[in-house]
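Worksheet: the structure to be examined is printed underneath.
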Number of protein chains: 2
Amino acid sequence: MSKSDGIPGPAVRRLSLYLRQLESLLGQGKRTVSSRELGEALSLTDAQVRKDLAYFGQFGHPGIGYRVDELTVRIRRILGTDREWNVALIGAGNLGRALLCYRGFAKKGFNVIAVFDTDKKIVGTKIDLQEGLTVLPMSKLSEVVRTQNIRLGILAVPATAARQVADELVEAGVQGILNFAPVTLKNMTCPVAAVDLTVHLEQLSFQLAGGDNT
Amino acid sequence: MSKSDGIPGPAVRRLSLYLRQLESLLGQGKRTVSSRELGEALSLTDAQVRKDLAYFGQFGHPGIGYRVDELTVRIRRILGTDREWNVALIGAGNLGRALLCYRGFAKKGFNVIAVFDTDKKIVGTKIDLQEGLTVLPMSKLSEVVRTQNIRLGILAVPATAARQVADELVEAGVQGILNFAPVTLKNMTCPVAAVDLTVHLEQLSFQLAGGDNT
DNA sequence: CTATGTGAACAGCTTCACAGCG
DNA sequence: CGCTGTGAAGCTGTTCACATAG
C-alpha cells in the first residue's frame, strides 16, 4: 500500500537518531560523515547505518561518505519534519504542563497550539509560558482541531480516562496520538506511539536485579 | 553470566506491560487470566504471552490460566520492583520538575529522594511538592548517593551537559541511568535506558507522511 | 474440554563480504 | 584507496501446532 512496506520498523526509529546526530554535526560545521563515524556515535555498526539509509534511497557518495546537509534534508523529508505539525495536548496536570514547557517539541517543528482538560477547575486558566495558552474544555476539541488544522494529539491524562479521550481525539479528526497514559490503546484507527515512563525504570531495575530470582 | 542470558530483550520489555495489565485486573477483582485474554488486552498473540512468561519460569496452570495475584508477585520479583529503589534526579528545569511531580514513579516503588542542578539560580530552591525537596549542587552528588543509598539516576539536563553529568553519576556510584537528554550515551559502564520524546512524534509524522517522498 | 509449555517452522532484522564507483 | 550499496548468510524473535496436565 504505502512505500513504507518492507522497511523494518527499527530502521525508521533509527532514522530519528541519525537526524539528531546529523544536526549535531551540522552545528560543529562538519561537511561530510561516513557510515562508520555515524554508527560509532550511536553505537551501531557501519553496515547497519548504510542499510538503514539505503531503504530510503541512495544518499551516499562512494569514497566520500554522506554530505551532512544533504542527508539532513533528506531524512527530514522522509520523517515528515520538513513541515510544521500542529499538536493538541490533552491533560493539563503535572505531566501535561511539563510537556507544554518542554522546548524540544517546537524545535523539531511540533507546535503545541491548544491545551484541553476535563477538570473544570483547570479549564480557563492560563498556562504561563511564552504563548500563554488557555486551557480549553473538551467540548471545544473537534472545533479547534478543525479550524486550527491540528493533526497530532498528545495524551497526558490518567489511565482511566485515556481510552475515552483517545476516541474523542480520533472522532475530532486527529491523525496520530502520542500516549503517555499507562494503558495500551488497542484497535485504534490511527497510529499511536506509546511512552510509559515507569516501564523504562523497570527495565533498569531488571538489569540490576539480574533476573536471578525464583 | 547472568540468568538473563538468552532472554530476548523484547520479552523483558513486555513483562512490564503484563504487570501493568495484571495490576489493572487485580483492581477489577479478576482471579485468573488466560494467555489469550492477556494478549488481547495488549494486542499480542496468546503464544507470545506464554512464551514470554515461560522464559522466566512455569507460572501457569493448565486448564485454568494464570492466577492474577500469583503472577503479579512473580513478575514484580523478576523486574526487581518488589523492593523500593532510591532515585536521584539531575536537572530541575521544566522537564525535571515535571518528572518530580509525576506520581507514576513512586507508585511503582521508585522514590525520587534527591534533586540536583548545576544552575546556581536554582540550587537551594525548594520544589513545592509533598516532600518539598531542596535542589542540591552537583558537588553534593557522591555524598548523597552514598549516604542515601541511591541506585538509579534520572538525567533531565540539556544535551550538551548530558555526557558529563552521566559520567559524574557513575562516578558517584549510581548503577543505572534513565536518560531524557537527546543524545546517545555510548560506552557507559552501567545500564542506560533512553527516552527521547521527540523521536516518538517523528515516528508518527513518518507514518502520516507515508514515506512517499523522494 | 480448556489452557499451558515447547520444539520446530517461519519471518524479520542484522552482519558479512564484496562488487562497483569516485 | 575509501566508502557506499547490496545480495547472501547468519542470527534473533515470533508464530505454529501439538503433547501434556488439570
Side-chain angles (χ1 to χ4, degrees), chain A residues 2 4-18 21-22 25 30-72 74-75 78 184 203 206 211 214, chain B residues 2 4-18 21-22 25 30-72 74-75 78 184 203 206 211 214:
Chain A
S2 127
S4 58
D5 287 323
I7 298 177
V12 181
R13 277 189 290 279
R14 284 188 296 265
L15 222 46
S16 294
L17 302 184
Y18 299 142
Q21 189 63 28
L22 287 166
L25 292 173
K30 210 155 183 314
R31 316 270 308 188
T32 139
V33 66
S34 69
S35 56
R36 188 156 47 74
E37 292 172 297
L38 206 42
E40 219 157 74
L42 299 168
S43 300
L44 302 169
T45 66
D46 55 335
Q48 179 82 83
V49 173
R50 288 199 302 278
K51 178 129 314 208
D52 281 349
L53 296 175
Y55 282 122
F56 302 96
Q58 307 210 149
F59 306 140
H61 305 276
I64 309 287
Y66 301 87
R67 279 207 267 278
V68 176
D69 55 357
E70 184 193 356
L71 189 54
T72 303
R74 295 304 204 94
I75 296 183
I78 294 164
T184 301
Q203 300 305 303
F206 168 79
T214 313
Chain B
S2 126
S4 58
D5 287 324
I7 298 177
V12 181
R13 277 190 290 281
R14 284 189 295 267
L15 223 46
S16 293
L17 302 184
Y18 298 142
Q21 189 62 28
L22 287 165
L25 291 173
K30 211 157 183 311
R31 316 272 308 192
T32 138
V33 66
S34 69
S35 55
R36 187 156 47 74
E37 291 173 298
L38 206 42
E40 219 157 73
L42 299 168
S43 300
L44 302 168
T45 65
D46 55 336
Q48 179 82 83
V49 174
R50 289 199 301 279
K51 182 139 290 215
D52 282 348
L53 296 175
Y55 283 121
F56 301 97
Q58 308 211 148
F59 306 140
H61 304 275
I64 308 289
Y66 300 87
R67 279 206 266 279
V68 177
D69 54 358
E70 183 193 356
L71 188 54
T72 302
R74 294 304 203 94
I75 295 183
I78 294 164
T184 301
Q203 299 305 303
F206 168 78
T214 313

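Numbers restart at 1 for each chain; the letters A, B, ... are given by sequence-line order, proteins then strands. The figures that follow rest on heavy atoms only: side chains count, while hydrogens, waters and symmetry mates do not.
Looking at residues two or more places apart in sequence or on another chain, you find a side chain to side chain contact (heavy atoms under 4.5 Å, CB included) between B:T32 and B:I64. Under the salt bridge (Lys or Arg N to Asp or Glu O under 4.0 Å) criterion, B:D46 pairs with B:R50, not counting sequence neighbours. Every residue two or more places apart in sequence or in another chain that forms a side chain to side chain contact (heavy atoms under 4.5 Å, CB included) with A:S43 is listed here: B:K186.
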Tell me, with the steps shown, if A:T72 and A:Y18 meet side chain to side chain contact (heavy atoms under 4.5 Å, CB included).
-> CA-CA 9 Å; A:T72 303; A:Y18 299 142; over 6 Å; no
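Under the 4.5 Å side-chain criterion, counting only non-hydrogen atoms from C-beta, A:R67 is not in contact with A:R31. The shortest distance between side-chain heavy atoms of A:S35 and A:Y66 falls below 4.5 Å. In this structure the side chain of A:I78 reaches within 4.5 angstrom of the side chain of A:F59, judged on heavy atoms.
A close approach under 4.0 Å does occur between a side-chain nitrogen or oxygen of A:Y66 and OP1 or OP2 of D:dG5.
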Give the B/S/- string for nucleotides 12-22 of chain D, one per nucleotide from 5' to 3', where a protein heavy atom under 4.0 Å of the base yields B, of only the sugar-phosphate yields S, and otherwise -.
-> -SBBBB---BS
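Closest approach of B:L25 to B:L38, counting heavy atoms only: CD1-CD1, 4.4 Å.
Between A:R67 atom CZ and D:dT4 atom C1' the separation is 13 Å, expressed in whole Å.
Nucleotides of DNA chain C with any atom under 4.0 Å from a heavy atom of chain A span, from 5' to 3', C:dC13 to C:dG22.
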Donor-acceptor pairs under 3.5 Å, side chain of residues 9-17 of chain A to any protein atom, not counting sequence neighbours: which ones?
| unit_1 | atom_1 | unit_2 | atom_2 | d |
| --- | --- | --- | --- | --- |
| A:R14 | NE | A:D52 | OD2 | 2.5 |
| A:R14 | NH2 | A:D52 | OD1 | 3.0 |
| A:R14 | NH2 | A:D52 | OD2 | 3.3 |
| A:S16 | OG | B:E202 | OE1 | 2.8 |
| A:S16 | OG | B:Q203 | NE2 | 3.0 |

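The salt bridge (charged side-chain N to carboxylate O under 4.0 Å, His left out) analysis of residues 33-42 of chain A, with sequence neighbours excluded, yields the pairs A:K30-A:E37.
Near DNA chain C, meaning a heavy atom under 4.0 Å from it, residues 32-43 of chain B has B:S34, B:S35 in order of number.
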